[in-house]
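Taking it in order: structure first as structure tokens, then the write-up.
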Amino acid sequence: MKAMSNVDIFTISDELNNLLTGARVDKSFQPTKDIVVMRFHVAGTGRVDLVMQCGSRIHTSKYPLENPTNPPTFPMLLRKRVKGAHVVSVTQHNFDRVVEIKVKKDKYYTIVVELFDKGNIILLDEDNNIILPLKRKHWSTRDISSKKEYVFPEERGINPITVNEKEFKEVFINTESDVVRTLAVNGFGSLYAEEIIERANETIEIDKNTSNSELSEEQISALYNSLKDLFSILQNEEYKPQIVKNGRKEDVVPLDLVKYEDFEKEVYENFNEACDEFYSKKVNTDIKDIKEKAWNKKVNKFEKRLRLQEETLDNFNKTIESSQYKGEIIYSNYTTIENVINVVNSAISKDYSFKEIGKILQKAKKDGMDEAQIFESIDKMGVLTLRINDESITIDPKLSIPENAENYYEKSKKAKKKTKGALIAIENTKKQLEKIKAKKELAMENISIPKKREKKNLKWYEKLRWFITSDNTLVIGGRDAGTNEALVKKYLDNNDIYLHADIHGATSTVIKLGGGSLNDTILKESGEFAASFSSAWSKGFTTQDVFWVHPDQVSKTPEPGEFLPKGSFVIRGNRNYIRSARVKIAIGIVDYEGKRIMAGPVEALEAHCENYVVLKPGYTKKEAIAKKILHKINEDDLITLDDIIRVLPSGKCDIDEEYHQRKKYEKN
């Protein structure tokens, strides 16, 4: 994959600085070993994901990457230290492939993104000491380890922003090389080195392979002016971000280049967006390859097991056939074998050793004795090996002929019994293999089609928590202190009902009655909604009391000497209680002013959709449970994983399998 050039980073860091300054830092993730994603909340824009890949790229992205179930150490430390911080600045360090993201929380922190070589991402404290690097590295001049002072890489190359003509000329005078190589190794890479020369050629002819020592003063001046003209476009933010294509060659650049004059161009609104389109699909291909290797390993494990089981079954069948045949051979050569046994037993009775007996039989065989022709060997335990009909048969002289034959028949029977177990094992492995292949196919399909996260035009109630009761009454709830405040000030009308779980840490809930009347069904379902979206869920409660009052009982005016925090209200007068409201919700896609995801009481989902998932407080993390829900309800590809996570209660969940089993039984 193409690594970002110094010029790319100059443009990206300028755009990021304009976009993210003042933004609030949210969670951080690490989808792969060298990719870290930081999420920001930008006022007026909302969620912005910043992808940082060591040694390659940094840009905002609308292509969500799959995150591991258990976050690694580095993103967890970022969450602990800088979540909730505000961005102070995003800058490129000395026109190098290094980006500094400065944020302020209780104190200042800096996230350094190194994009040269294999790269790194490092969290620094306000004294420039390393808190934690993504990768620990050590050189003679730099030690990237915790608690060490961070040292920037040695400054080298030409800084086009600060360089003057005298300094520029000295680079060529002091370097024994040609023009294009000198520019390339001094921070511009081959692309921009050739671009600077191409633009200089508009005023004076310069061959890119000209030796520095052969350059005239006029040619060096032309190169300097070309460099300054090129970077004045970038300094003035006159970007024209584009992805260029010509056959198999593809590139992403922040402005029009002479070198790409004849290329097909796709222009974007900003360079971050262009980079997102250029890199994300390529990275997705890389991730697909990694995932495919992991899946192939799982598939190979079952294929190897199946191969061994089939070989074992084949050996059992051979043993059955061979042992049966050898038993029959013993009976069909009864007299001959008996004569050999008699010879052996006679010699044993005369105190001959087995070795001596073997020599005697070998001599008899050589001398042409008929009975001895089947003899092959005798071991130190006295067991004979005879060769009959091209089969080696072992005979114990201490046993009778029928007993020796029975040994083979018994061996055949045992092998036959084992074949039954082997067949069952093979069938189970085949099923497991098909299952893992199906999982691999589904996983590969999901990875191979990256889905861009589009900003949805949400209805006003979708910015809150909401559901429609089974008799079509809208109920809304706050998502946090800010929306709790707005709920009462903006959306609570005179004929509405206000509810709140009787526990610290709960959503303010409003039943939008409009011109309708209150009934037991509405109260029951709204009570369950208020109970479920409270701290009762994270505490693992199964029921929770909820109270309800009229709008004129809800006040933002505290008692004298008291203070009301944001999102809190004073309730005056009598409270009406819904006792032991059930802490349980269902999630599904409903058709309410268009198809959209809804989370609410089970009865409400039963009334409005056929396909839904019932949840209860449990032990599964949000991301994991959301994936299961997405797989079950997203039949028409209407929603994303983020849509589901957004409507889940605060705390871990489990699917209520007992409910779904009961429903399945009732249908049957």
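This chain uses plain numbering: 1 for the first residue, then up along the sequence. FYI, side chains are in, hydrogens and waters are out, and symmetry mates aren't considered; it's all heavy atoms of this structure.
- A donor and an acceptor atom, one from each side chain of Ser89 and Thr91, are nowhere located under 3.5 Å apart.
- Around atom CD of Glu154, no more than 12 heavy atoms belonging to other residues, nucleotides or ligands sit under 6.0 Å away.
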>> Between Glu264 and Lys245, does the salt bridge (charged side-chain N to carboxylate O under 4.0 Å, His left out) criterion hold? Intermediate values first, please.
In response: CA-CA 5 Å; Glu264 178 188 340; Lys245 298 176 186 176; 5.5 Å; no
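- Side chains of Tyr260 and Asp251: a donor on one and an acceptor on the other come within 3.5 Å.
- A salt bridge does not link Lys259 with Glu198: every distance from a Lys NZ or Arg NE/NH1/NH2 to an Asp or Glu carboxylate oxygen is 4.0 Å or more.
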>> Using ring-ring contact (aromatic ring centres under 6.0 Å, His included), reason through Tyr268 and Phe278 one step at a time and then give a plain yes or no.
In response: CA-CA 11 Å; Tyr268 292 85; Phe278 180 79; over 10 Å; no
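- Ser5 and Asp8 form a side-chain donor-acceptor contact under 3.5 Å, judged by distance and modelled atom types alone.
- Side-chain contact, Thr203 with Asn225: no donor N or O sits under 3.5 Å from an acceptor N or O.
- Residues Gln219 and Tyr224 have side chains that never bring a donor and an acceptor to within less than 3.5 angstrom of each other.
- In this model, a donor atom of one side chain and an acceptor atom of the other lie less than 3.5 Å apart for Asn272 and Glu15.
- Separation of the Phe231 and Phe95 ring centroids falls under the 6.0 Å cut-off.
- Minimum interatomic distance between Asp143 and His138 (heavy atoms only, all atoms of both residues): CG-ND1, 3.3 Å.
- Checking Thr32 against Asp34 by side-chain atom types alone, a donor-acceptor pair falls below 3.5 Å.
- Few gaps surround NZ on Lys265; more than 12 heavy atoms of other groups in view lie less than 6.0 Å from it.
- Glu165 and Ser221 share a side-chain donor-acceptor pair at under 3.5 Å.
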>> Please evaluate residues Thr483 and Asp480 with respect to the criterion side chain to side chain donor-acceptor pair (under 3.5 Å), reporting the C-alpha separation (whole Å), side-chain torsions for both, the decisive distance (0.1 Å), and the verdict.
In response: CA-CA 5 Å; Thr483 49; Asp480 50 32; 2.9 Å; yes
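- Side-chain atoms of Asp643 and Thr640 include a donor-acceptor pair closer than 3.5 Å.
- For the pair Arg79 and Phe29, the cation sits on the ring face: its NZ or CZ lies under 6.0 Å from the ring centre, inside 45° of the axis.
- For Asn484 and Lys566, the side-chain atoms include no donor-acceptor pair closer than 3.5 Å.
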> Passes salt bridge (charged side-chain N to carboxylate O under 4.0 Å, His left out), Glu126 versus Lys105? Steps please.
Replying inline: CA-CA 11 Å; Glu126 59 188 349; Lys105 193 178 180 182; over 6 Å; no
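- The aromatic ring centroids of Tyr239 and Phe271 lie 6.0 Å or more from each other.
- Defined by atom type and a distance below 3.5 Å, a donor-acceptor pair is present between the side-chain atoms of Ser61 and Asp276.
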